[in-house]
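Just below is one structure, and these are the notes that go with it.
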Amino acid sequence: MNIIPKPKQVEIYEGQFVIDIQTALIVSNQRQTNKFAIELKDFIKEKLGLDINLSLSAKRRIIFEHMATENAYELKVECDVIRIQAPDDQGLYYGMQSLKQLIVQFKRYIPQMHIQDKPLFNHRGFYHDVTRGKVPTLKMMQSLVDTMAFFKLNQLQLYVEHTFLFSGQSEVWTVTDPLTAEEIIQLDMYCRERYIELVPSITTFGHLYEALQTDSFKHLSESEKIDEFSFYDRMLHHTLNTTLDESIAFVKQMMDDFVPLFSSNKLNICADETFDLGEGRTKALAQKVGKSRLYVDFLNQIIEHARTYDKEIMFWGDMILEHSKCAKELPKDLVCLNWWYEPEYPEAKVKAIAEYGFPQYMCPGVNGWNRFMNNHQMAYDNIKMMTDYGKKYDAIGILNTDWGDFGHWNFIYNSFPGLIYGAAFSWGDSRTIEQMNQAVNAMLYETNNDIMGLLMQLSDKHIMDFTSFVRWFEKDNDEYIKRINVSEEHVYTCNKDIEHIIHTLQDSMQGLDTQKRKHVNAFIVSAQGIQWMNMLYLLVRKDAQGIELEQDLDAWQLAERIEYWFLDFKQIWLMDNKPSELSRSTEFIRKITTWLRNNA
């Protein structure tokens, strides 16, 4: 059985429930269960082509029932009746998702069974970067929410630096297409209807590069360095000067514009990666009192204002681990978001947060940033490890992250498998990656083709990522280029393998619905991006390290190939996102192709 997440307990019996035109969905005087019945009726019509009736009674029926149980829900399939039972509406909704997945797998013929199920963690979230590159349309965000709901996730956070229509910040958000109050309100309502909590997440300390580079707010920056925009600098110079009253006033105004739009009882103030704290305008003070004092004092000012919204306050935990001596000065009702994105993470850091007394979420990642195709193996290993730590140290939730460093070049569809790994593990699923990927093929793509196997292969063909690219093309820094040690023959072998993967992906489109074809088309464009990136690596390596090529590589022709590819990339971008920072991606591509022609 391919249900994701895997239910806690399943008993399967002889016989089956057959969905046919005589089947009815039972309605009552309860508004919410009737709403579920209509949703399930529409799903059955979409997947099976059957327009079954809503009725007060029927011989062959599907029923939503409130029932006292220690489980989140129970699903009972008998020969003439399917009962979805739960103590509350949210449980009934989860039971309906499991029945939907049974319909995807078994079509009209649902085996008789009894499912008893409940989640391992009460808070199971997905965190999506809507700042550094793509700002999704409301329709795309709603599609993301539908996918989350199907796999029983219940929390969404959107990472916002400058991509909201903050008052008095037109110079800041004019570089993008910001989210509006109306979009946030509509998305919040859409989430609530699907038992997903939309939690406001806003940078309040570090990661304020766009604001601090403007004439309006550059005087609030810790750093005196003002640059023309670069993807590289945006990751480094972005921290507020903590000594200025105007800095905390700036943060308060942002929160006042943003936080009241959300119905959630939570607020993520971020406060992570304050890299340049005490290194610029406050250097002398930091040498006197210490960076930890600067960090904790300003964080407490942010917290004081955040409390006025009467919400549970979250913050990223990396800096409190660095400034551990001051941890005791922070309120212990803060929720610490303990993040790490690689397969190994010192357990001592998880233990330390627990010993400080903070409730914590474990925050792994889908491993798609800086790449065209996510590293799904690393995502699986990382999410499993962090979930295991969460179980051991009584974490209260899992928040699986999807970042957009250096321009957010990967498509959101590439991150859906990692999203599903997070949904599965946070519920308590423990399947191997092979078993999980088989279930993803069945439930996400609704196919017997091994699409996940192709994506796993594809992620292994990435020779150079955007961290290396950006450092080279923006800063003439070949540090990361030197770390790559592959032969020219290996590069050509990888690209030949990718060509086979592309053909197989094209074959797999047969039988997929329109939405799933969008996924696969994004995979193909990503694969083609990896191909030209691999070829570009050879030319960059030649220029940076003087390693001559064994085979002729026409730089001018490669530039044209990249430009034609970029047409397809932009088309997919604009289907799901506002133009946002597409102009910056265009400038970066132009920088690459100009370099190629100058080196032809």
- Let me know which of Y380, F121, F151 forms a ring-ring contact (aromatic ring centres under 6.0 Å, His included) with F425. Y380

- Message: Taking ring-ring contact (aromatic ring centres under 6.0 Å, His included) as the criterion, tell me which of F406, Y341, F466 meets it with W369.
- Response: Y341

So does [X] pair up with [Y], basic N to acidic O under 4.0 Å?
X    : Y    : result
K351 : E347 : no
E581 : R234 : yes
E446 : K47  : yes
D381 : K384 : no
K518 : D576 : yes

Between [X] and [Y], how do the two ring planes meet: parallel, tilted or perpendicular, split at 30° and 60°?
X    : Y    : answer
Y361 : H123 : parallel
F229 : F231 : perpendicular
F566 : F569 : parallel
F372 : W409 : perpendicular
F416 : H519 : perpendicular

With a 4.5 Å limit on heavy-atom distance, are the side chains of [X] and [Y] in contact?
X    : Y    : value
D388 : M385 : no
L419 : L153 : yes
L337 : Q360 : no
V525 : W565 : yes
Y421 : I433 : yes
I398 : P364 : yes
L179 : M141 : yes

- Task: Indicate whether any N or O donor in one side chain lies under 3.5 Å from an N or O acceptor in the other, for K152 and S98.
- Result: yes

To the closest 0.5 Å, what do you measure between [atom1] ([X]) and [atom2] ([Y])?
X    : Y    : atom1 : atom2 : result
I451 : T504 : CD1   : OG1   : 11.0 Å
M464 : I530 : CE    : CD1   : 12.5 Å
Q551 : M535 : CD    : CE    : 7.5 Å
K516 : Y445 : NZ    : OH    : 9.5 Å
I481 : Q545 : CD1   : CD    : 7.5 Å
N410 : K134 : CG    : NZ    : 5.5 Å

- Assess whether side-chain contact (heavy atoms from CB on, under 4.5 Å) is satisfied between K107 and L48, documenting all intermediate values. CA-CA 7 Å; K107 306 298 187 278; L48 304 180; 4.1 Å; yes

Between [X] and [Y], which heavy-atom pair has the shortest distance, and what is it?
X    : Y    : result
L539 : A555 : CD1-CB, 4.0 Å
K578 : D177 : CD-O, 3.3 Å
L455 : P417 : CD1-CG, 4.5 Å

- Item | Candidate pair E210 and R584, rule salt bridge (Lys or Arg N to Asp or Glu O under 4.0 Å), full reasoning | CA-CA 13 Å; E210 295 292 350; R584 287 175 167 171; 2.6 Å; yes

- Message: For Q157 and N268: C-alpha separation, side-chain torsions, deciding distance, then whether side chain to side chain donor-acceptor pair (under 3.5 Å) applies.
- Response: CA-CA 9 Å; Q157 298 192 29; N268 181 1; 3.0 Å; yes

Is the gap between the ring centers of [X] and [Y] under 6.0 Å?
X    : Y    : value
H408 : H128 : yes
W173 : F164 : no
W340 : W316 : no

- Where do H237 and F275 land on the ring pair (Phe, Tyr, Trp, His ring centres under 6.0 Å) test, with the steps shown first? CA-CA 7 Å; H237 308 296; F275 295 134; 9.5 Å; no

- With a distance cut-off below 6.0 Å to the six-membered ring centre and an angular limit of 45° from the axis, does R194 pair with Y190 as a cation-pi contact? yes

- R561 NZ/CZ over W532 ring centroid, <6.0 Å and within 45° of normal: no

- Message: For the CG atom on N448, are there more than 12 heavy atoms of other groups (residues, nucleotides or ligands in this structure) within a distance under 6.0 Å?
- Response: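 Result for CG/N448: open.
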
- Query: Where do K496 and E499 land on the salt bridge (Lys or Arg N to Asp or Glu O under 4.0 Å) test, with the steps shown first?
  - Reply: CA-CA 5 Å; K496 184 178 179 180; E499 199 62 36; over 6 Å; no

- Task: Walk me through it: do D429 and W427 pass the test side-chain contact (heavy atoms from CB on, under 4.5 Å)?
- Result: CA-CA 6 Å; D429 203 330; W427 190 274; 5.6 Å; no

- Before giving the answer on salt bridge (Lys or Arg N to Asp or Glu O under 4.0 Å), spell out for K591 and E474 the whole-Å C-alpha distance, their side-chain angles and the decisive distance to 0.1 Å. CA-CA 9 Å; K591 188 185 294 285; E474 290 188 343; over 6 Å; no

